[in-house]
Protein chains: 2
Amino acid sequence: MATGRNHRPATRSRGIPEATVARLPLYLRALTALSERSVPTVSSEELATAAGVNSAKLRKDFSYLGSYGTRGVGYDVEYLVYQISRELGLTQDWPVVIVGIGNLGAALANYGGFASRGFRVAALIDADSSMTGKQVAGIAVQHVDDLETIIDTNGVSIGVITTPGGAAQQVCDRLVAAGVTSILNFAPTVLTVPEGVDVRKVDLSIELQILAFHEQRKAAEELAQEPPSAAGLPAASEGRRGDQGPDGDIPAVMPA
Amino acid sequence: MATGRNHRPATRSRGIPEATVARLPLYLRALTALSERSVPTVSSEELATAAGVNSAKLRKDFSYLGSYGTRGVGYDVEYLVYQISRELGLTQDWPVVIVGIGNLGAALANYGGFASRGFRVAALIDADSSMTGKQVAGIAVQHVDDLETIIDTNGVSIGVITTPGGAAQQVCDRLVAAGVTSILNFAPTVLTVPEGVDVRKVDLSIELQILAFHEQRKAAEELAQEPPSAAGLPAASEGRRGDQGPDGDIPAVMPA
DNA sequence: CCATCTTTGTGCACGCGTTCACAAAGACAT
DNA sequence: ATGTCTTTGTGAACGCGTGCACAAAGATGG
């Protein structure tokens, strides 16, 4: 995603593989839970199951950060929490703006998981004038006209876009021009940004479509395994699928 | 993310690589846009830029579905829309339940991108009795006590969890027991499910943490390259420059 | 101090996904 | 028909991520 031009070959940021970075927050959450239960140390095996990953993978991930474990014992929970937090940059304050205060924007504004991890909602911005001044999650919504000023005075470098698809690119451009260098995009649009700006995309409908694919596949498999019971229409159309259908193609069939 | 035991070995569902499946919805969206503009055919190069990917990758992706293009011309838009829709199982109706009608649940219920792609919100479910009967997105919220009945009578196989983290596993268990085999989880929890159930996770705070990591890295690099000038506030970046942003794109959204 | 036991850290092999680069296929003009 | 031009489809190479399996490191007990 991101730029319209092609990207570099899966950059390894400072030696830490992207895949590992993506898992660090997962470990952090599991560790935080342990910390709250005052558990002093944890083995790679335990932590791995808590985070839902393979223990070898976890150890390798940690090895990129340095050697923070003790053989025969495990990892010191508090120390690891600190190290991962530091690595992810969560020891500092990240002011964030949310643009587009519909249901989703409001949901994010209310989401507790942010504040607890160094993210502070600095401002809520919407294009609808009738929203301006309204309180959402205890914060007054501001008008999009003031976007640049807001970014500037708050030193915001991370922006969240929850506008309709049509407005996203335009908002993105303004955010970037105002100095934002990281964008979390919830709009169903491919954003084009200049070099040096990071974009991450969360697309609700895409996730569902991927699930549907697997769901369909499961249904088809089940049907195929089933004995010659009356599976829907018995007689069956003659050789359907005239030309297309990559070979062993099982047409769509609904389960449930 | 499922834990029970590990899942099929990164299964290539029916020969189509996971990575490709994850991109199909992206292509579909771009194609739909073209279709609405009555564009008859499109080349791999054009479609690739519209979808934000590499053209070679796109062609290879399509090659898994079969040979639907015409050399020297490109792909027939309408035909491709149909083929991908069919492949993803979007030609059929998928009833979906959303459990946990807070801000996020409401946002999803209102999200237009669902209905247009074969997904139908069959029911909204919440544990709070005072919510029961309330209309959200034109649908009456039902109580979680009736969860099993709702799943059963509507033939639901896909569930969306937007509850607080604490309730997620419990809800998940009930959904699965009632017959749901695909779950989209927005709660910040690692779900454990039996074999054969797919879970995809969307974690808002994880996405932000990944952005923070890269943001911090960019700031650090800039600082390192900068002459010993006072670099002001760490967060408020200023000097835009043609550096490289990481783009190896590993979504925090994981397959089960 | 030595033996044993636990758990980390990592070398290695394997497989998936990406990308390049090009031959084959078809369109189109002459 | 024949030649030229465009664009697909794919063989092959490469790089990243994963997981196994084990040696090294430290804890613990006698």
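In what follows, every chain begins at residue 1, and chains take the letters A, B, ... in the order their sequences are listed. Predicted model only: the values in this text are computed from it and were never measured.
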Open item on the list: Filter on salt bridge (Lys or Arg N to Asp or Glu O under 4.0 Å), then keep only pairs touching residues 25-36 of chain B, sequence neighbours left out; what's left?
Closed with: A:Asp203-B:Arg29
- [ ] Would you please say whether a donor-acceptor pair under 3.5 Å links the side chains of A:Arg117 and B:Ser205?
- [x] no
Open item on the list: To check you understand the geometry: which heavy-atom pair defines the closest contact between B:Gly89 and B:Trp94, and what is its length?
Closed with: O-NE1, 2.7 Å
Between N or O atoms, less than 3.5 Å apart, protein on one side and nucleotides 10-12 of chain D on the other: list the pairs.
unit_1 : atom_1 : unit_2  : atom_2 : d
D:dG11 : O6     : B:Lys60 : NZ     : 3.3
D:dA12 : N6     : B:Lys60 : NZ     : 3.1

Open item on the list: Does either side chain, that of B:Arg59 or that of B:Ser44, offer a donor lying less than 3.5 Å from an acceptor on the other one?
Closed with: yes
Task: Whole-Å distance separating the NZ atom of B:Lys57 from the C1' atom of D:dG15 - done: 13 Å
Task: Interatomic distance where OH belongs to A:Tyr64 and C1' belongs to C:dG11 [whole Å] - done: 12 Å
TODO: Figure out the CG/C1' separation between A:Leu58 and C:dT7, and round it to whole Å.
DONE: 12 Å
- [ ] Figure out the OH/P separation between B:Tyr68 and C:dG26, and round it to whole Å.
- [x] 16 Å
Task: With B:Tyr75, the ring-ring contact (aromatic ring centres under 6.0 Å, His included) member among B:Tyr68, B:Tyr82, B:Phe62 - done: B:Phe62
- [ ] Figure out the CD/C1' separation between B:Glu46 and D:dT7, and round it to whole Å.
- [x] 11 Å
- [ ] Starting at atom CD of A:Glu45, determine the distance to atom C1' of C:dC5, rounded to an integer number of angstrom.
- [x] 16 Å
- [ ] Could you state the atom-to-atom distance from CG of B:Asp76 to P of D:dT8 in whole Å?
- [x] 13 Å
Open item on the list: From CD of A:Glu18 over to P of D:dT18, roughly how many Å is that when rounded to an integer?
Closed with: 12 Å
TODO: Output yes when at least one side-chain N/O atom of B:Tyr75 is less than 4.0 Å from OP1 or OP2 of D:dG9, else no.
DONE: yes
- [ ] Indicate whether OP1 or OP2 belonging to D:dT8 is found under 4.0 Å from a side-chain N or O atom of B:Ser44.
- [x] yes
Open item on the list: Considering only residues two or more places apart or on different chains, which pairs with a residue in residues 64-79 of chain B satisfy salt bridge (Lys or Arg N to Asp or Glu O under 4.0 Å)?
Closed with: none
